[in-house]
Every structure is written in C-alpha cells, then in structure tokens.
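The first residue of the sequence shown is numbered 1, and numbering continues consecutively from there. All ligand and atom numbering here is 1-based and tracks the order in the structure.
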Amino acid sequence: MNDYPRIYLSSPHIGESERRYVQEAFDTNWVAPLGPNVDRFEEEFARYVGTKHAAALSSGTAAIHLALELAGVGAGDEVICSSLTFVASVNPIRYVGANPVLVDSEPDSWNICPELLKEFLARRAEVNRIPKALVLVHLYGQSANIEPIMALANEYGIVVIEDAAEALGATYKERSPGSFGKAGVFSFNGNKIITTSGGGMLVSDDESLIKHARKLATQARDPAPYYEHSEVGYNYRMSNVLAGIGRGQLEVIEDRVAARRAVFQRYTDELSDLPMSFQPEASWGRHTRWLTCLTLDEPEHQPEDVRQYLERTNIEARPVWKPMHLQPLYAGCEMVGGSVCQRLFSRGLCLPSGSNMTAEEQTRVIVALREFFERD
Ligand SMILES: *Cc1c(COP(=O)(O)O)cnc(C)c1O
C-alpha cells in the first residue's frame, strides 16, 4: 500500500545484558520454569518496587488471578474495579467466580475516582453489602490516587490488589504503585515498558502470600516425596530463559521511563496548538508516559478518523480502552457513574510511544497529525 516502515504503538526495546543472561540459562542448562535467573529477577524486581517479596509468573493476568484467589475471593463475592481498563484486569474476577462492580474514572488521572468510590461504599454500608476486594488499576503509566483509596479500603475492610501492569516506573509520593495493597501485579507483555516477551510479577510484603503463590503456580504440589496435592494449582511460573530477558530489561528501566517521557514532551511541545488535550500528570507522582494519550477537543474530530489517517502512512495509533461496562461481556455489571470514562473512550487516542522510537519516526507522527488537522 505504501512503503513507509511501520511505526508501532509500543514495541520491545532490548538492551545490552538480556542476551548474556539468556546465554547463561542455555550454558547452565537451566531451560526450565525455575532457576537462577528467576530467583535473581524476583529479588531485583522486589528491590526496585520496594516490596519484600516477588513471584515471577507467566503473565500479569495469572498474577491477578492468583492474588484474588489468595485474598480469599470466591464464588458470589463482589470485586470493585475501574471500568476504564484492559479486560485482563477484570477477567480474573470471573475466573474465581466473583462479580465485578465497575467504577468511573476521575479526570485528573483517568484512574478510579475516589469520590465516587466513597459514595458507593457509604451506600453499600447502609445495606451491609461491602465488596470483598478492589482491583486498583494504574493506567497508562500513571498511579491512581492511592492514599484516599487505601484509607477507604482500610475503613471498610476491603482487600486491595494493585494492577500496576502498565505502571512500572511510576511513583506515588516517591513510592512505586503495586507496593501499597495486599499484593501488586506487573506485566512484561511485549508492549509494556519492559518485556520478557510475555510474563508477569506478583509482589507483596507478605512472605507467606508469595510462597503460596509460587506453590499454586507450580500445580500446587505439596512437600512430599511423591506427587501429592491438596488444592487446585496452575501452571503459571515464568521460564528461567525469559527471566533472563527480564533481568536485562530491569537494568534499564529508568532509561526507558526517561525516553518515554521525552517522547511525550516532544509531542506536547510541537502539538500544543492543535485542538487536543494530553492526559494530565497528577500532582502525586511520576507518570512514566508508557503511552502518550490524548483526547480530541472538537466534536467534529473523531479519534477513529485520526487513527485511520495515521494508518495510511503505516503509523499505529490505538483507541483508549473501551470501558468494561460498555463491553458485551460485562454489560450486566453494576456501574458507578460512567460519564468520565465514556468521554475518554469516545474522544481518546494513544499515540506511538516506544522508548526506541527515532526522532525521524516521531517527526512522521507529528507531521501526519498536523496534516490531519490542517486538511479542513
Ligand atoms: C497488560 C495488562 C494486564 C495483563 O497483563 P498480561 O501480562 O498481558 O497478562 C493487566 N492489566 C492491565 C491494565 C494491562 O495493561
């Protein structure tokens, strides 16, 4: 169709050390779902996010599933989650037989609105029906407003599992999201800020929780000389080969954050006169700008038209997540509010944001965007 090389939304960016750690796994024949890279990656990762323990898993989704199960969430329970998220935040609620209750976003961070959550919990307290858990999502590289949310969770006895899959490298008052709740979850899928091609991490200060997660992730084998099982397990551990990639990636996480923030900075510097508004950076911490997200100001400009316009020159942009209460899968769930996330979805767009984007590539995106707005 055209011969422009493709510019991806967010593509893997491999550093200097990954090959060495992977080579070590081959040289020592640790090509298995355990081994020294897994142990080191868990230690190094826990240190980076500031938790005492971590378990490397096959995906972020698996980590959310285990966290819910270990929080004792089961059939018929209710679990709160923001509606504006990727479906993987919510699906594990169904895996354990529980029902999601969806809550709208706040405009400041695009994450769950603490005010709406407070009103909702006050209403539920009156009828003595407090949900069991909250999956607290930190979207697009920015932390939710954690303190008021944790205060509410503590007041009502709700277990908090943080879905920080998109927020590695972000801060909330100098601390990493994922380190505040009972457990935190990260993802190393191919388009995340660091990747192992696919993988996830469950973090917590609770050693017994992490040990139990490791057991459940390896078919829940009891400590016996033969194969003995007293609970249902899964095959959710990370391979020692992939943990080698993760170790190398973690060494350069701060560079990756700086590069993504620089991409964002250039978009804002060079496009500030166009009728669009970038996702705000909330006052409480560092936004990694994993993705540069924006909303279009004028009703005559449709995000889908912009997306298709960029696609003509082989530039990949994506819509903002479609809220869960608008999904056929979750349409029947209770929804608290909704106007903010509906607007973010109907007006929003995510631009190519990779830490390995070249200046020329970003120029192509900027030029194409300007062309779109100057056509009419
Ligand atoms: C990527 C992602 C997940 C799932 O992580 P996987 O490793 O792909 O399973 C969960 N929640 C959010 C918000 C994500 O972006």
Side-chain angles (χ1 to χ4, degrees), residues 8-12 33 41 45 49 54-69 79-96 100 102-103 105 109-112 133-144 146 160-170 176-178 181 183-203 213 217 234-239 242-243 245-246 249-250 260 279 287-293 318-324 327 329-330 341 344-345 348 350 353-354:
Y8 290 97
L9 184 79
S10 174
S11 69
F41 188 35
F45 195 87
V49 301
L57 301 170
S58 54
S59 70
T61 311
I64 300 173
H65 181 193
L66 291 183
L68 287 167
E69 198 162 305
V79 178
I80 303 163
C81 187
S82 40
S83 187
L84 187 76
T85 188
F86 180 46
V87 72
S89 305
V90 181
N91 282 342
I93 298 171
R94 281 279 166 84
Y95 299 171
V96 297
L102 303 167
V103 178
S105 301
S109 72
W110 297 18
N111 288 310
I112 192 169
L134 162 66
V135 174
L136 176 55
V137 185
H138 307 291
L139 219 55
Y140 291 127
Q142 173 154 270
S143 165
I146 295 174
V160 175
I161 293 154
E162 290 182 75
D163 178 353
E166 300 181 4
L168 183 65
S176 171
V185 169
F186 293 87
S187 166
F188 313 118
N189 204 350
N191 60 7
K192 297 291 176 9
I193 197 160
I194 66 169
T195 184
T196 58
S197 74
M201 194 72 82
L202 183 68
V203 302
Y234 308 93
N235 183 2
Y236 276 175
R237 278 297 251 167
M238 180 183 283
S239 133
L242 300 188
I245 303 177
Q249 289 271 284
L250 191 61
R260 299 231 181 206
Q279 183 190 17
H287 192 324
T288 66
R289 301 295 178 182
W290 168 58
L291 294 184
T292 288
C293 307
R318 295 250 183 113
V320 163
W321 300 125
K322 182 176 182 181
M324 291 301 117
Q327 303 286 351
L329 179 59
Y330 292 115
C341 67
L344 292 171
F345 169 59
C350 308
S353 308

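The nearest heavy-atom contact from the protein to atom 9 (O) of ligand 1 is T61 OG1, 2.5 Å. Of the protein's heavy atoms, E166 OE2, 2.6 Å lies nearest to atom 15 (O) of ligand 1. Protein heavy atom in closest approach to atom 1 (C) of ligand 1: K192 NZ, 1.6 Å.
Close approach of ligand 1 to G199 (heavy-atom distance below 4.0 Å) involves ligand atoms 7 (O). Counting atoms of ligand 1 from 1 in the listed order, those under 4.0 Å from a heavy atom of N189 are 8 (O). Close approach to S59 involves these atoms of ligand 1, each under 4.0 Å from a residue heavy atom: 7 (O), 9 (O). Below 4.0 Å from some heavy atom of S187 lie the following atoms of ligand 1, by number and element: 1 (C), 5 (O), 6 (P), 7 (O), 8 (O). Remark: ligand 1 atoms within the under-4.0 Å shell around heavy atoms of A88 are 3 (C), 4 (C), 10 (C). Annotation for ligand 1: atoms under 4.0 Å from non-hydrogen atoms of A165 are 2 (C), 3 (C), 10 (C), 11 (N), 12 (C), 14 (C). Interface of T85 with ligand 1, defined as ligand atoms under 4.0 Å from a residue heavy atom, comprises 13 (C).
A heavy-atom separation below 4.0 Å is not found between A62 and ligand 1. Taking 4.0 Å as the cut-off, H138 does not count as a neighbour of ligand 1 on heavy-atom distance. Residue contact check for ligand 1: S89 places a non-hydrogen atom closer than 4.0 Å to it.
Interatomic distance, SG of C350 versus CG of L291, reported as 5.5 Å (0.5 Å rounding). The distance from the CD atom of Q142 to the CD atom of E166 is 11.5 Å, given to the nearest 0.5 Å. Remark: R318 CZ to S10 OG distance equals 9.0 Å, nearest 0.5 Å.
With sequence neighbours excluded, the residues forming a side chain to side chain contact (heavy atoms under 4.5 Å, CB included) with A63 are L57, V185, L202, listed by chain and number. Partners of W110 under the side-chain hydrogen bond (donor to acceptor under 3.5 Å, both in side chains) rule, at least two apart in sequence or in another chain, do not exist in this structure.
L136 places none of its side-chain heavy atoms less than 4.5 Å from the side chain of N111. Using a 4.5 Å heavy-atom threshold, the side chains of Y330 and C81 count as separate. In this structure the side chain of N189 never reaches within 4.5 angstrom of the side chain of T195, judged on heavy atoms. You'll find the side chain of M324 stays beyond 4.5 Å of the side chain of F86, heavy atoms only.
Residue G60 places at least one N or O, backbone or side chain, under 3.5 Å from an N or O of ligand 1.
Residues Y236 and H65 bring a donor and an acceptor atom of their side chains to less than 3.5 Å of each other.
Only side-chain heavy atoms of D163 come within less than 4.0 Å of ligand 1; its backbone N, CA, C and O stay farther off.
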